[in-house]
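Taking it in order: structure first as structure tokens, then the write-up.
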Amino acid sequence: MDDGIDAIFTKAKQGRALFQDRSALSPEFIPDHLPFRESQISNIAQVLGTALHGSKPSNLLLYGKTGTGKTAVARLVVRKLQNQDDSKQILATYVNSRIAGTEYRTLFKIAEALPLEEDKRIPLTGLSISEVVGRIFESIAKNGIHFVLILDEIDYLVNSEHETLYQFTRAGEQVAPGFLTIVGISNDLRFKEALDPRVLSSLGEEELVFPPYTTEELRSILAERAKAAFKPGVVPESTINLCAALAGSEHGDARRAVDLLRIAGEVAEREGHQSVDEECIRKASQKVERDRVEEALQSLPLQNKIIIIAASKFPGGTNTGEVYLAYSNLARKSSAEVLTQRRVSGILAELDVLGLVEAAVVSKGRRGRTKRIKVLIDNETLARVIGEDAGLLDLA
DNA sequence: CCTCCACTGGAAACCTAGGCTC
DNA sequence: GAGCCTAGGTTTCCAGTGGAGG
């Protein structure tokens, strides 16, 4: 074991540090210059610029697939807007509704950015949605705030019966003398269809589409980032090309491309390479996928883990009924509650979305209609990751 | 062309754990 | 403490269904 440790350190010593500024590749990093997005930037700047003479800018709606720069562009423009604001009345915040999780937590995050009096703070739970919205409006009005709200993945808010979005777009009077401008961001191009037309008309006053980056554009972006992040000469052009090609084949996702490059750099450094070669990119690509699966697996609730173990007993794939049978046995054995088949069917659908299981609906004619279920994780990984759970050791 | 299986997936209702207000 | 609220997971109920076998 000691040899292993020594070997790692020796390698680390040999390889010189390849990074000069790792943060230039971090997911939160927003460069001052976003190439190929000049027109979107100037568009947004023009709209939001109104706020500098104290009147309310139009609401904005930004569309485009993941990694097309929507979030970065919105945050960059808003950041510069705040820098230009001498009156210091402009307040901006960024909330991702999907990451926040629920409508209530989204509002909670929004409220965090606002000055709230001691007795008006928002608790993690307990208040009605309308009460929280009321407190947010009150704070904006009282302090005369010019509030620019960037709502990322806004699609997660449309299916609410509270009509929070509607209230937000119609805040007008209630927040005077302050105002509330919404910059909505959506990955889902069909999201408009689900939106209440009243909301759409005011939310979509200005609409902007972000097309995916081409492989060539990705290459140029990566080259620029690599120049800032790595020491000169450690990232050959072929590496950039491969990285761009890998990400480009996945619909021009710049975030993925940048992630890949960062991890490849870490791999190269750890293994004591003098440069980040194509091999490192390939390894990084595998690592990203492996991490995603293990993380998803680990954070699964107990019942979902038992279900996936049950499903893994059928390497060739099976159907819902079989999985349910196996599951209920396992659950009883580990003295967990036994859920209904309806719920198990639902959980299998969730696992499908996570990409841990393949659950396609198939019809077998006379023999009914069910999901064809196949676990997409090999049994060793499953045993290793889930085996850490005491109580589930008696599995495979 | 019709049947009928083994479910699917929508809807509503229920439950628990948290927190509010009075 | 009583009587409200919410989130989020679950159960209950059930109409709906693709297509192989008749």
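Protein chains get the first letters and strands the later ones, always in sequence-line order, with residue 1 at the start of each.
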I need the [atom1]-[atom2] distance between [X] and [N], as an integer number of Å.
{"X": "A:Arg135", "N": "C:dT6", "atom1": "CZ", "atom2": "P", "value": "14 Å"}
{"X": "A:Arg372", "N": "C:dA20", "atom1": "CZ", "atom2": "P", "value": "14 Å"}
{"X": "A:Arg366", "N": "B:dC7", "atom1": "CZ", "atom2": "C1'", "value": "16 Å"}
{"X": "A:Tyr324", "N": "C:dT10", "atom1": "OH", "atom2": "P", "value": "12 Å"}
{"X": "A:Tyr327", "N": "C:dT10", "atom1": "OH", "atom2": "P", "value": "8 Å"}
{"X": "A:Arg369", "N": "B:dG9", "atom1": "CZ", "atom2": "P", "value": "7 Å"}
{"X": "A:Arg105", "N": "B:dG18", "atom1": "CZ", "atom2": "P", "value": "14 Å"}
{"X": "A:Lys371", "N": "C:dG18", "atom1": "NZ", "atom2": "P", "value": "15 Å"}

- Query: Between A:Glu131 and A:Val361, who's closer to the 5' end of DNA chain B by nearest nucleotide?
  - Reply: A:Val361
- Starting from the 5' end of DNA chain B, give me the residue, A:Gly365 or A:Ile373, whose nearest nucleotide shows up first. A:Gly365
Under 3.5 Å donor-acceptor pairs involving side-chain atoms of residues 43-50 of chain A, not counting sequence neighbours:
residue, atom, partner, partner atom, Å
A:Thr50, OG1, A:Val47, O, 2.6

- Could you tell me whether the phosphate oxygens of B:dA6, OP1 or OP2, come under 4.0 Å of any side-chain nitrogen or oxygen in A:Lys364? no
- Query: Is A:Arg22 positioned over the aromatic face of A:Phe19, cation under 6.0 angstrom from the ring centre and no more than 45 degrees off axis?
  - Reply: yes
- Item | A:Arg292 atom CZ, over 12 foreign heavy atoms within 6.0 Å | yes
- Item | Exercise: identify the closest heavy-atom pair between A:Gly355 and A:Leu376 | O-CD1, 3.5 Å
- Query: Are the aromatic rings of A:Phe137 and A:Phe147 close, with centres under 6.0 Å apart?
  - Reply: no
- Task: Give the ring-plane orientation class for A:Tyr213 versus A:Phe36, where under 30° counts as parallel, over 60° as perpendicular and anything between as tilted.
- Result: perpendicular
- Could you walk me through whether A:Leu300 and A:Leu354 pass side-chain contact (heavy atoms from CB on, under 4.5 Å), step by step? CA-CA 10 Å; A:Leu300 244 33; A:Leu354 287 174; 3.9 Å; yes
- So which of residues 340-359 of chain A are in contact with DNA chain C, with a heavy-atom cut-off of under 4.0 Å? A:Thr340, A:Arg342, A:Arg343
